Amino acid sequence: MKRILLATLLGFSGAALADGGLLQKECVSCHNISGPTAQTLNEAFAKKGPDLFYAGNKYRQQWLVSWLQKPRRIRPTGIYYGNHIKAGAKEDEIDAATLTPHLALSKADATAVAAELMKLKVHDDLIAKEKIESGTISKQMGEMTFNKFLGCMACHLIEPEYGGFSGPELYTATQRLQPEFMASYIRNPQAWDPKSWMPNKHLSDVNIQKLVRYLDLLSKESANAK
Ligand code: HEC
Ligand code: HEC
């Protein structure tokens, strides 16, 4: 509000502000768009939204355009699950009343903001280290690797109501994320965010490729189920 008022007082037109200014105006109160990421736990707890300063290395532009118009929840328990969990009869439950819906943009604004976000590419270095090999994996083998062998399901949903809820859901991961980003984040979450809650499991290249293929399979199934 303050900035809009200031702009009016200074005599800027709305159009001049909208030109690349929407991110600054509507998004920086919750998202870090200039880096670096949180360096201390205190800073990590204070985050109000995921980092966006490497958005161009992370998202698919098409997904950004549509999600920004019609956001649906990605992290079942928000940006920090500790703030959105309550004790249930048997186990912890999501405290939905504490979660607020994300703001939605018009098609024109979503398109403009997505284009701005895609320019933010400070982590080309990490992306360049990944090579995605084509190949397939059966659902059974994928789930075995993801769940039984590597324990990823403790924190991630693989279906809307199935899996852990402290991390982002992964049944639409490939619709929103670039495959090289997924590989790189799985390889070393702390290279992207030193205070990421996700552990570095020091996985082999073979396992990383398997996991990316499995996430791809999940996203295709979830797109088909619509
Ligand atoms: C009031 C705080 C707030 C504001 C303002 C806000 N966001 Fe968010 N944003 C969040 C939170 C919290 C999430 C995580 C939502 C989830 O996981 O479901 C999020 C998620 C996102 C995501 C998906 C991130 C990911 O990887 O999961 C994108 C993209 C995004 N916001 C873009 C924007 C843009 C662009 C703006 C400005 C037009 C904006 N946000 C304004 C709080 C905010
Ligand atoms: C202890 C909980 C935990 C475990 C175990 C875990 N993750 Fe995560 N993961 C997270 C959190 C939290 C994030 C999101 C960090 C953030 O806010 O950006 C994440 C992010 C991701 C992302 C990026 C998703 C996105 O939208 O940004 C992928 C892909 C991913 N994890 C895959 C895996 C795989 C594969 C495994 C198993 C090898 C795994 N995770 C194990 C907690 C976990």
Side-chain angles (χ1 to χ4, degrees), residues 18 21-33 37-38 44 47-52 54-61 63-69 71-84 98-106 109-118 120 142-143 145-158 163-190 192-193 195-204 207-216 218-219:
L22 199 60
L23 266 180
Q24 293 291 346
K25 204 165 61 126
E26 302 272 0
C27 320
V28 293
S29 56
C30 298
H31 292 286
N32 178 349
I33 61 165
T37 187
K47 272 192 200 178
K48 291 190 188 145
D51 288 338
L52 293 180
Y54 50 78
N57 295 127
K58 176 171 179 179
Y59 302 105
R60 295 182 188 266
Q61 187 162 0
W63 176 85
L64 280 174
V65 173
S66 64
W67 189 86
L68 287 169
Q69 294 174 71
R72 37 168 288 282
R73 191 154 296 288
I74 297 164
R75 290 165 183 72
T77 52
I79 180 72
Y80 175 55
Y81 70 98
N83 294 337
H84 304 286
T98 62
L99 291 165
T100 42
H102 198 270
L103 65 83
L105 300 178
S106 68
D109 284 345
T111 307
V113 166
E116 287 303 312
L117 284 173
M118 291 310 290
L120 307 178
E143 200 166 306
T145 310
F146 187 86
N147 187 15
K148 295 247 162 50
F149 300 155
L150 301 175
C152 314
M153 229 170 104
C155 303
H156 293 288
L157 294 172
I158 58 167
F165 42 64
S166 61
E169 58 83 355
L170 292 181
Y171 51 89
T172 69
T174 311
Q175 293 166 34
R176 75 177 178 270
L177 307 170
Q178 299 172 27
E180 292 81 3
F181 171 81
M182 295 196 287
S184 178
Y185 203 91
I186 293 169
R187 184 184 302 284
N188 185 358
Q190 285 69 32
W192 293 86
D193 177 354
K195 294 290 177 251
S196 174
W197 318 113
M198 175 162 149
N200 181 338
K201 302 216 178 199
H202 302 281
L203 301 180
S204 65
N207 270 336
I208 293 173
Q209 296 291 334
K210 273 192 193 166
L211 288 165
V212 171
R213 274 175 215 159
Y214 174 62
L215 293 181
D216 199 30
L218 285 183
S219 290

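Small disclaimer: the values here were computed from a predicted structure and weren't measured. As the structure lists them, so they are numbered: ligands from 1, and atoms in each ligand from 1. Just so it is clear, the values below take in all heavy atoms, side chains as well, and ignore hydrogens, waters and symmetry mates.
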Suppose we measure from [atom] to each protein heavy atom; which comes out shortest, and what is that distance?
{"atom": "atom 15 (C) of ligand 1", "value": "Arg73 NH1, 4.3 Å"}
{"atom": "atom 1 (C) of ligand 2", "value": "Cys155 SG, 2.8 Å"}
{"atom": "atom 3 (C) of ligand 1", "value": "Cys30 SG, 2.7 Å"}
{"atom": "atom 29 (C) of ligand 1", "value": "Leu64 CD2, 3.5 Å"}
{"atom": "atom 28 (C) of ligand 1", "value": "Trp67 CZ3, 3.5 Å"}
{"atom": "atom 33 (C) of ligand 2", "value": "Met198 CE, 3.4 Å"}
{"atom": "atom 38 (C) of ligand 2", "value": "Cys152 SG, 2.7 Å"}
{"atom": "atom 22 (C) of ligand 2", "value": "Tyr185 CD2, 3.8 Å"}
{"atom": "atom 14 (C) of ligand 1", "value": "Pro50 CD, 3.8 Å"}
{"atom": "atom 25 (C) of ligand 1", "value": "Tyr59 OH, 3.1 Å"}
{"atom": "atom 5 (C) of ligand 1", "value": "Glu26 O, 3.2 Å"}

Vertex atom 8 (Fe) of ligand 1: angle to NE2 of His102 and NE2 of His31, to 10°?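 Taking atom 8 (Fe) of ligand 1 as the apex, I get 180° for this pair.
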Backbone or side chain, does any N or O of [X] fall under 3.5 Å from an N or O of ligand 1?
{"X": "Ile74", "value": "yes"}
{"X": "Arg176", "value": "no"}
{"X": "Arg75", "value": "yes"}

Step by step, would you call Leu170 with Phe146 a side-chain contact (heavy atoms from CB on, under 4.5 Å)? CA-CA 11 Å; Leu170 292 181; Phe146 187 86; 3.8 Å; yes
Checking the side chain of [X] only, and the main-chain atoms of [Y] only, is there a donor and an acceptor separated by less than 3.5 Å?
{"X": "Glu169", "Y": "Ile74", "result": "no"}
{"X": "Gln175", "Y": "Ser219", "result": "yes"}
{"X": "Gln69", "Y": "Asp109", "result": "no"}

Return the name of the atom in His156, of element N, O or S, nearest to atom 8 (Fe) of ligand 2.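 Sorting the N, O and S atoms of His156 by distance to atom 8 (Fe) of ligand 2 puts NE2 first.
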How does [X] reach ligand 2, by side chain, by backbone, by both or by neither, if only non-hydrogen atoms under 4.0 Å count?
{"X": "Pro199", "result": "side chain"}
{"X": "Pro168", "result": "side chain"}
{"X": "Leu170", "result": "side chain"}

Within less than 4.0 angstrom of ligand 2, does Ala173 place any heavy atom?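 Per 4.0 Å heavy-atom rule, Ala173 does not contact ligand 2.
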Atoms of ligand 1, numbered as shown, that sit under 4.0 Å from any heavy atom of [X]:
{"X": "Leu52", "result": "32 (C)"}
{"X": "Val113", "result": "35 (C)"}
{"X": "Leu103", "result": "5 (C), 38 (C), 41 (C)"}

Run the side-chain contact (heavy atoms from CB on, under 4.5 Å) test on Thr174 and Arg60 for me, step by step, so that the C-alpha distance in whole Å, both residues' side-chain angles and the decisive distance to 0.1 Å come before the verdict. CA-CA 9 Å; Thr174 311; Arg60 295 182 188 266; 3.6 Å; yes
Tell me whether ligand 1 is touched by [X] - counting only heavy atoms on the residue side and a distance under 4.0 Å.
{"X": "Leu22", "value": "no"}
{"X": "Lys58", "value": "yes"}
{"X": "Leu177", "value": "no"}

Show the nearest heavy-atom pair for residues [X] and [Y], with the distance to one decimal.
{"X": "His156", "Y": "Pro168", "value": "ND1-O, 2.8 Å"}
{"X": "Leu211", "Y": "Cys152", "value": "CD2-SG, 4.5 Å"}
{"X": "Trp67", "Y": "Arg72", "value": "NE1-O, 2.9 Å"}

Once rounded to the nearest 0.5 Å, what's the spacing between atom [atom1] of [X] and atom [atom2] of [Y]?
{"X": "Ile208", "Y": "Arg213", "atom1": "CD1", "atom2": "CZ", "result": "12.0 Å"}
{"X": "Arg73", "Y": "Leu157", "atom1": "CZ", "atom2": "CG", "result": "12.0 Å"}
{"X": "Met182", "Y": "Tyr214", "atom1": "CE", "atom2": "OH", "result": "12.5 Å"}
{"X": "Asn32", "Y": "Tyr54", "atom1": "CG", "atom2": "OH", "result": "9.5 Å"}
{"X": "Leu23", "Y": "His31", "atom1": "CG", "atom2": "NE2", "result": "9.5 Å"}
{"X": "Ile186", "Y": "Asn188", "atom1": "CD1", "atom2": "CG", "result": "12.0 Å"}

Measure from atom 34 (C) of ligand 1 to every heavy atom in Ala110, Ala112, Cys27 and give the option owning the shortest one.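 Answer by nearest heavy atom: Cys27.
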Which is closest to atom 12 (C) of ligand 1 by heavy-atom distance: Arg72, Lys48, Gln24?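 Heavy atom nearest to atom 12 (C) of ligand 1 belongs to Lys48.
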Taking only heavy atoms of Ile186, which atoms of ligand 2 are found under 4.0 Å from at least one of them?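 With Ile186 as reference, the close atoms of ligand 2 come out as 32 (C), 35 (C).
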Heavy-atom contacts with Gly151 under 4.0 Å: which atoms of ligand 2 show up? List them by number with element.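 Answer, ordered by atom number: 5 (C).
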Just so I know, are the side chains of Lys210 and Leu150 near enough to count as touching, which here means a heavy-atom distance under 4.5 Å?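 Answer no - side chains too far apart.
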Is Leu52 close to Tyr59 at the side-chain level, that is, under 4.5 Å between some pair of heavy atoms?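 They are in contact (side-chain heavy atoms under 4.5 Å apart), so the answer is yes.
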What do we get for Thr100 next to ligand 1 when only non-hydrogen atoms under 4.0 Å count, side chain, backbone, both or neither?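 No part of Thr100 comes within reach of ligand 1.
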Thr37 and Lys195: side-chain contact (heavy atoms from CB on, under 4.5 Å), yes or no, with the steps? CA-CA 9 Å; Thr37 187; Lys195 294 290 177 251; over 6 Å; no
Specify whether Tyr185 and Phe181 have parallel, tilted or perpendicular ring planes, treating 30° as the upper limit for parallel and 60° as the lower limit for perpendicular.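 Tyr185 and Phe181: tilted rings.
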